[in-house]
Protein chains: 2
Amino acid sequence: MGMNESMKALSDPVRRHILEKLKAGTRTAGEIAADFDLSNATVSYHLKLLKQAGFISEHKEKNFIYYELNTTVFEDILRWLHRLGG
Amino acid sequence: MGMNESMKALSDPVRRHILEKLKAGTRTAGEIAADFDLSNATVSYHLKLLKQAGFISEHKEKNFIYYELNTTVFEDILRWLHRLGG
DNA sequence: ATAGTATTTAGATACTTTTCTAAATAGAGT
DNA sequence: ACTCTATTTAGAAAAGTATCTAAATACTAT
């Protein structure tokens with residue numbers, strides 16, 4: 001975690017779209033992948049980066065992996081942006 | 001401009017540092033470059049990206065180019081972050 | 001045990017970004 | 001006009017990121 005990892009994570013449109021989707025509620029990896037014209041492997045890679053940056057967390061259930069949004073991480077970024085231009 | 005350009009611009013630590021420096025007041029390209037262990041050409045490249053994304057603006061005076069922070073661009077990003085996690 | 005589904009990991013390739021050096025531009029002062 | 005300083009642009013090399021396909025893992029259900 002840290003500012004750099006967070007900002008890098010948010011710098012890709014696919015990853016921002018994933019977060020927006022998860023804002024509406026928990027989703028499985030497959031449901032998330034279905035939104036994109038990308039292989040599941042690629043979406044899995046993006047999920048991994050978001051998870052590493054702390055934006056999402058996962059839990060297994062049956063043979064699905066559910067992802068959910070983790071809002072606490074946004075605070076540092078918001079603080080930084082507010083200090084600069086908010 | 002647009003979300004993608006803004007986020008990409010903020011995704012690099014050098015560029016974030018430049019914005020922080022400019023928060024304290026207008027600076028010339030040279031003064032900004034002096035903060036980094038990078039060539040002036042490289043810093044100039046980062047300034048160009050920040051300018052294109054609308055985060056900074058420039059004006060010439062003698063043979064210096066002064067850069068200054070442009071806070072209005074932060075609003076879209078703040079809105080997006082607030083909607084998601086704020 | 002086997003077969004099927006969901007997802008990730010590995011390795012390769014293509015693309016993008018960052019950085020450098022050298023050359024170009026522009027303006028200031030002599 | 002010439003020289004000096006400030007800065008940018010061009011082109012190339014290096015590093016980093018996104019993507020794919022194929023193989024691996026893990027769990028379910030028969």
Side-chain angles (χ1 to χ4, degrees), chain A residues 1-22 25-70 73 77, chain B residues 1-22 25-70 73 77:
Chain A
M1 301 163 196
M3 195 63 174
N4 204 44
E5 205 174 11
S6 309
M7 286 309 223
K8 283 258 170 73
L10 295 182
S11 74
D12 182 278
V14 170
R15 291 193 291 270
R16 289 197 304 278
H17 187 155
I18 291 173
L19 294 180
E20 282 165 0
K21 174 140 189 148
L22 290 178
T26 298
R27 295 282 183 278
T28 67
E31 286 168 337
I32 296 164
D35 269 21
F36 299 94
D37 195 11
L38 294 170
S39 71
N40 286 12
T42 295
V43 174
S44 183
Y45 158 79
H46 287 299
L47 288 168
K48 188 175 79 183
L49 295 192
L50 286 170
K51 189 171 50 179
Q52 279 169 355
F55 285 106
I56 62 177
S57 51
E58 60 176 30
H59 71 273
K60 290 189 184 182
E61 200 171 307
K62 297 198 160 202
N63 57 346
F64 295 90
I65 301 179
Y66 286 88
Y67 283 96
E68 69 183 315
L69 194 60
N70 201 340
V73 195
I77 305 173
Chain B
M1 301 163 196
M3 196 63 174
N4 204 44
E5 205 174 10
S6 309
M7 285 310 222
K8 282 257 170 74
L10 295 181
S11 74
D12 183 277
V14 171
R15 291 194 290 270
R16 289 198 303 278
H17 187 154
I18 291 173
L19 295 180
E20 282 166 0
K21 174 139 188 148
L22 290 178
T26 298
R27 295 282 183 277
T28 67
E31 286 169 336
I32 296 164
D35 271 20
F36 300 94
D37 196 12
L38 294 170
S39 71
N40 286 12
T42 295
V43 174
S44 182
Y45 158 80
H46 286 299
L47 288 168
K48 186 174 80 182
L49 295 192
L50 285 170
K51 190 171 49 179
Q52 280 170 355
F55 285 106
I56 62 178
S57 50
E58 61 177 29
H59 71 274
K60 289 190 185 181
E61 202 172 304
K62 298 196 160 205
N63 55 347
F64 296 89
I65 301 181
Y66 285 88
Y67 283 96
E68 69 183 315
L69 195 61
N70 201 341
V73 194
I77 304 172

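Both backbone and side-chain heavy atoms feed into the values below; hydrogens, waters and symmetry mates do not.
- The shortest heavy-atom contact between A:Phe55 and A:Val73 is N-CG2, 4.1 Å.
- C:dG27 atom P lies 15 Å from atom NE2 of B:His59, rounded to whole Å.
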Tabulated below should be each protein N or O lying under 3.5 Å from an N or O of nucleotides 1-7 of chain C; please produce it.
| from | atom 1 | to | atom 2 | distance (Å) |
| --- | --- | --- | --- | --- |
| C:dT5 | O2 | A:Asn63 | ND2 | 3.0 |
| C:dT7 | OP1 | A:Ala29 | N | 3.3 |
| C:dT7 | OP1 | A:Ile65 | N | 3.4 |
| C:dT7 | OP2 | A:Gly30 | N | 2.6 |

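- Look at B:Thr42 and you won't find any side-chain N or O under 4.0 angstrom from OP1 or OP2 of C:dT18.
- Atom CZ in A:Arg15 sits 10.5 Å away from atom CD1 in A:Ile56 (nearest 0.5 Å).
- A sub-4.0 Å separation between OP1 or OP2 of C:dC20 and a side-chain N or O of B:Ser39 is present.
- If you take CE of B:Met7 and C1' of C:dT17, they are 18 Å apart, rounded to a whole angstrom.
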* Asked: Should A:Leu22 and A:Ile32 be marked as a side chain to side chain contact (heavy atoms under 4.5 Å, CB included) after you check the CA-CA gap, both sets of side-chain angles, and the distance that decides it?
  -> CA-CA 8 Å; A:Leu22 290 178; A:Ile32 296 164; 3.9 Å; yes
Return all side-chain donor-acceptor pairs below 3.5 angstrom for residues 60-70 of chain A, not counting sequence neighbours, or 'none' if the list is empty.
| from | atom 1 | to | atom 2 | distance (Å) |
| --- | --- | --- | --- | --- |
| A:Glu61 | OE1 | A:His59 | NE2 | 3.4 |
| A:Tyr67 | OH | A:Glu58 | OE1 | 3.2 |
| A:Asn70 | ND2 | A:Gly54 | O | 3.4 |

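- Here ring-ring contact (aromatic ring centres under 6.0 Å, His included) pairs that include residues 27-51 of chain A, with residues two or more places apart or in two chains, are A:His17-A:Phe36.
- Residues A:Val14 and A:Asp12 come closest through the heavy atom pair N-OD1, 2.8 Å.
- Residues in residues 34-47 of chain A take part in these salt bridge (Lys or Arg N to Asp or Glu O under 4.0 Å) pairs, two or more places apart or across chains: A:Lys21-A:Asp35.
- Of the inter-residue distances, the one linking B:Asn4 atom CG with B:Ser11 atom OG reads 9.5 Å to the nearest 0.5 angstrom.
- Here chain B contacts DNA chain D (any atom closer than 4.0 Å to a heavy atom, that is under 4.0 Å), and the contacts span D:dT5 to D:dT9 from 5' to 3'.
- At least one donor-acceptor pair under 3.5 Å links the side chain of B:Arg16 to the backbone N or O of B:Leu10.
- Counting only heavy atoms from C-beta outward, the side chains of A:Lys8 and A:Leu49 never approach each other to under 4.5 Å.
- Among the atoms of the strands shown, none is found under 4.0 Å from any heavy atom of A:Ala33.
- Using a 4.0 Å heavy-atom distance criterion, A:Leu49 is classed as a sugar-phosphate-only contact.
- Between the C1' atom of C:dC15 and the OH atom of A:Tyr45 lies a distance of 12 Å, rounded to the nearest Å.
- Within a heavy-atom distance below 4.0 Å of DNA chain D, no residue of residues 8-16 of chain B is found.
- The separation between B:Lys60 atom NZ and C:dG27 atom C1' is 8 Å, rounded to whole Å.
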